[in-house]
Structures are given as C-alpha cells and as structure tokens.
Number of protein chains: 2
Amino acid sequence: MATIAETKVPVNVKSLKAIQSEVKNINRIALSVDCVIFGFDENKLKVLLIRSDLKKFMGRWSLLGDLIDVAEDVDEAAYRILRERTGLKDVYLEQVHTFGKPQRHPAGRVVTIAYCSLINIQHHKLSKMENELHWHDVNNVKDLAFDHQQIFDTCYLRLQKRIQEHPLGFNLLPKKFSLRELQNLYEAILDTKMDRRNFRKKFFSMDLLIDTDEIERDVPHRPGKLYKFNFDKYEKRKKKWTGIDF
Amino acid sequence: MATIAETKVPVNVKSLKAIQSEVKNINRIALSVDCVIFGFDENKLKVLLIRSDLKKFMGRWSLLGDLIDVAEDVDEAAYRILRERTGLKDVYLEQVHTFGKPQRHPAGRVVTIAYCSLINIQHHKLSKMENELHWHDVNNVKDLAFDHQQIFDTCYLRLQKRIQEHPLGFNLLPKKFSLRELQNLYEAILDTKMDRRNFRKKFFSMDLLIDTDEIERDVPHRPGKLYKFNFDKYEKRKKKWTGIDF
DNA sequence: CATGAATTGTGTATAAAGTACACATCGATA
DNA sequence: TATCGATGTGTACTTTATACACAATTCATG
C-alpha cells in the first residue's frame, strides 16, 4: 500500500550533458533486426531461414538478420535486410517485438527487434537453388539458432491473430486468386479446417472481392473464378469495434 | 519479378570474430525504456507523466523512462523503472513497440522500447503532492516532449484494443468493484457509452465474476454489489478463436 | 416516518451473425 | 458419353448482439 508520498520517488534531474555522457560513453548496446519472412506455397505456410555460420550453432537454421547502423532508422534497417535478402521492396513489414535477454547472442550484448514480413513466394520460386537460404514449412521449424525459435513462435502467433483481424493474407497470394486458394491460405496459417460454403459466404458478405471475370487455368477439374482484393474499399471503411470478447 | 537466382542474394559469411568486432566497437546504440503508466480515478483514464528537465523541452511533459544498462535484461529494465517511479512491483506490464528514428533524442542516438503498464491508482492517491509527477487525463495529453506523443498514442490505441480481448481492466480497479465501476472503466478507456443492461448481461454470461456478498459503502443511493474477477477460471479456458473479422 | 431522488437490478422481443449441412453444375479426362 | 473431382449455391438452426422499460432498494430530506 505504498503511496508516492511515502516512497519518495526520485525525480529526473539529469542535465543534458550528463545524459549525453551516458548516451555517448556508457550505455551503448548493439542493436539488430531479425526478420521472420513468411510465404505460401503448395498450400503450406513457409518461412525463410538461413544456415547459421557460427560454429556454436553449426548446421542450425536461423532468421535473417543484421546489425542496425548507428545512424540508421530502425524500420529502415528492416526494409534494408528484406531488400538485401529477397530483392523485394514494397512488401508488408511489421515490427513485432524486441528481444533483450543479456545472454541471447554469443558475440556479446545484442538486443534484437523482430519484424514479420509477408511476401509472395512466387517471386522466389528458385530459392531451392540457394544452399544457404531455404523456405521451411512452418510446422517443421524447430531448434533454431540463438533465441530465434522464440522469436519465430512469437511472430507466428502474431500472424495468426492479425490475419483474422486484417486482410494481410493477400500479400501471400498472387494478385488474382481463387476462393479455394484463399481458404487454403487461411487453413494453413490457422492450422484448421473450415466449411467451404460458410467461408465463401463470409468473404462475399464483406463485399471486398472483385470478380476479375477470369478463371483458373491448368487445373484438372472445373476451374474456379479468380478474384482481386479491393484494398481501396477496405481502407475507406475501417471500423471502430467496441465489443468485449475474452 | 526478381527471383532469388537473379538477384544473387548475398549470404551471411561473417565470422564470429568479425561479428564480435562489430558488436563491441562499431554499432552500439543507447537503448532506453519509456513507460506509459495508466491509472483510473474519478471515472477518468489517467496517465502518469513527469516534467522534462531538458532545456529544449522546458515545461513540457514526458513519459517516465531511463537508459537500459549494458548488462540489464530489457524487460527487467522496464520493471525497474516502474519500481523506482511508483514503488510497485507486481503490476501489469507489456512491451508495446520500439521507436528508433535517428533524431528522436537531442542527446544523441537513443532507441527506446515502449512499455504499457496498468496500475491501481488508489495506491498513489497522494501523487498530487509531487511537483514533478502528475496523473493526466488521457484526453488532455498533448504536446509531449521528445516523440513521446507518438509513443503515448500508440500505447493508448493498443490499450483500447487489448482491453476488448483480454481482462486487463481489472488491474486498474480495486480488487472488489461494482458493475458500475467496471462499466465506467470500459466507457472511459473506449471513449464510448454502453447500455447498462447489455453490459451486465455480457459480463454475467462470461461467468468470470465472483459475487463477494458485499456491497458498496458511502454512496448516496442504493449500493451495488461488489465482485471479484475470477483470474484462475479465465486462465483455464483461454480459447482459440478462428473467426474472420475485418 | 413518509416522500422524493438516485441508482441498482432484471427480462423480452428483434436483428444480426455464425454454424451445420446436401445437391446440382461444370470442365477435364478416359 | 460416362466418370471424376472440383466449383457454386441455399436453408434451417443456433448463438450472439441490440434496443428498450419498470420495479426495488437505499439515502437524504422535511
């Protein structure tokens, strides 16, 4: 039952000089970005991993990351890494969480900021050719280097939640997609099965899909219609939800 | 339409020594924590602010923050600041976002990790006595020092979202509370009005409130019953939601 | 101690959203 | 032209959200 009066809260009385001194000389820490890059291929949710080159983690997989430059904006660092690793620029990228246990990196104190990215894997079809980079099935990701397993788990959980609240999934699909592809995507990310009719009803009732008047090609059965997502319409009608649900 | 094969992705070939060198000598940045501490008093949502002591921000209010020590766990640093500023230990604390624009701090490059905390303001009734610390009405928070306005806005939005999905609000109330107090809290945080009967029905149907068999005292009208929140029951039944809503 | 003021406590009818479920249609293939 | 394997559609039922009104309790007052 301590009150502020009792606890004699120490107030902030540092001079700018003192702060500058601390900032410049004492408390400086290496900062990195780690990207959890998701893709969707063959009806599986995938994540892009690279083999760790550190002896300590010999042969184990890790996330794509790099140190942040002293003068570099943090978000910009994340975009830079994506650019360097995938050649892509205009992609979905979201900061998820910062991980800062003192012993998390063997090279010293490194605090890392995790970002989650969703990219269209079709643009990376040939990644199998690369020896060091690999698309992993998310259900098969384990024993990552550093604390990357925890970072991956956090980002995957975040993705599962966000995909239900925002139309992120379309970043993983081609511009034009069938409803079956869309449902496969949701089922893969949420690791669940959904009723096909109710799934369609739900998306049609949102009225955010544009019928392209095209149909699938090269499928060995009746082809489905192809749709585009109406991003403009979605942006215009973002609602403020005030239900309570827990 | 670049593929990985075309873009010649550079692979990670740094040795541990090279990384150590970068970590130790080159890319080190000051890291801080800033806490957005919410409280609830007189049916208003409040946030705890302190006057900035920097000349540049003379007289303007700022969040409570401090530099993270080189060897200090990031979460632990956030708890330390809360302890130092409020004397409280076992409180709700959640990391929200990391802010890292290069010019955000006048003393040099400082990246800050924002945390959101909810505390029972009753334990701080006497904060008015302090000159440097003050509980501000959230609707009256503007023109904060540094980039703290952006940080505050981000945390407030996060709170509004989280309170609808998780029972965080009870951290802001006394252990025993009336349904009217609970509703006032939700209305204050979400800045909305709710129907009293439907609000009660909703919470009773969740079956997470424990009737304490006590009633309010010192109210100038019919007193309401007091309830406790059943945290145990809530923990046991966390559900996996797989709807789609956007 | 009777009355008025303020707030608590409760129920029902309606609308909206979610869920479960079956059959006809189309195109490719043999 | 018959079969296979998808697509495409509708309806009944259940659950949840919303709108809305009146009686009961306590305190304050004269």
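Note: hydrogens, waters and symmetry copies are ignored here, and every other heavy atom, side chains too, is used. Since the structure is predicted, the reported quantities are computational estimates derived from the model, not experimental observations. Convention: sequence-line order gives letters A, B, ...; per-chain numbering from 1.
Heavy-atom nearest nucleotides on DNA chain D were determined for B/Val219 and for A/Gly243, and the one closer to the 5' end corresponds to A/Gly243. Place B/Leu179 and B/Ile244 on DNA chain C by their nearest nucleotides, and B/Leu179 ends up nearer the 5' end.
In this view, A/Asn198 satisfies the side-chain hydrogen bond (donor to acceptor under 3.5 Å, both in side chains) rule with no residue, not counting sequence neighbours. For A/Ser117, there are no side-chain hydrogen bond (donor to acceptor under 3.5 Å, both in side chains) partners at least two apart in sequence or on another chain. For A/Glu165, the side chain to side chain contact (heavy atoms under 4.5 Å, CB included) criterion is met by A/Lys161, B/Lys161, B/Glu165, B/Trp241, not counting sequence neighbours. Under the side chain to side chain contact (heavy atoms under 4.5 Å, CB included) criterion, B/His97 pairs with A/Gln95, B/Phe99, B/Thr154, not counting sequence neighbours. Under the rule for a side chain to side chain contact (heavy atoms under 4.5 Å, CB included), the partners of A/Asn140 that lie at least two apart in sequence or sit in another chain are A/Asp137, A/Lys142. Here B/Gln164 pairs with nothing under the side-chain hydrogen bond (donor to acceptor under 3.5 Å, both in side chains) rule; sequence neighbours left out. Legend: residues meeting side-chain hydrogen bond (donor to acceptor under 3.5 Å, both in side chains) with B/Asn184, ordered by chain and number and at least two apart, are B/Asn43, B/Arg180.
Of the residues in residues 206-217 of chain B, none lies under 4.0 Å from DNA chain C by heavy-atom distance. For the segment residues 181-203 of chain A, the set of residues with a heavy atom within less than 4.0 Å of an atom of DNA chain C comprises A/Asp195, A/Arg197, A/Asn198, A/Lys201, A/Lys202, in numerical order.
Pairs engaging residues 217-236 of chain B under the side chain to side chain donor-acceptor pair (under 3.5 Å) rule: B/His166-B/Tyr234, B/Asp207-B/Lys233, B/Asp211-B/Lys225, B/Glu235-B/Lys238 [sequence neighbours left out].
B/Phe204 has its CZ atom 12 Å from the P atom of C/dT8, to the nearest Å. The interatomic distance linking A/Phe177 (CZ) with D/dT7 (C1') rounds to 16 Å, in whole Å. What separates CZ of A/Arg180 from P of D/dG5 is a distance of 15 Å, to the nearest Å.
For A/Arg222 and C/dT25, the shortest distance from a side-chain N or O to OP1 or OP2 is not below 4.0 Å.
The aromatic rings of A/Tyr156 and A/Phe38 lie tilted to each other, with the angle between the two planes from 30° to 60°.
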N/O donor to acceptor pairs below 3.5 angstrom from side-chain atoms of residues 169-177 of chain B, sequence neighbours left out:
from	atom 1	to	atom 2	distance (Å)
B/Asn171	ND2	B/Leu168	O	2.9
B/Lys176	NZ	B/Glu214	OE2	2.5

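Side chains of B/Thr98 and A/Thr98: a donor on one and an acceptor on the other come within 3.5 Å.
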Write out a two-atom table: protein N or O, nucleotide N or O from nucleotides 1-5 of chain C, distance below 3.5 Å.
none

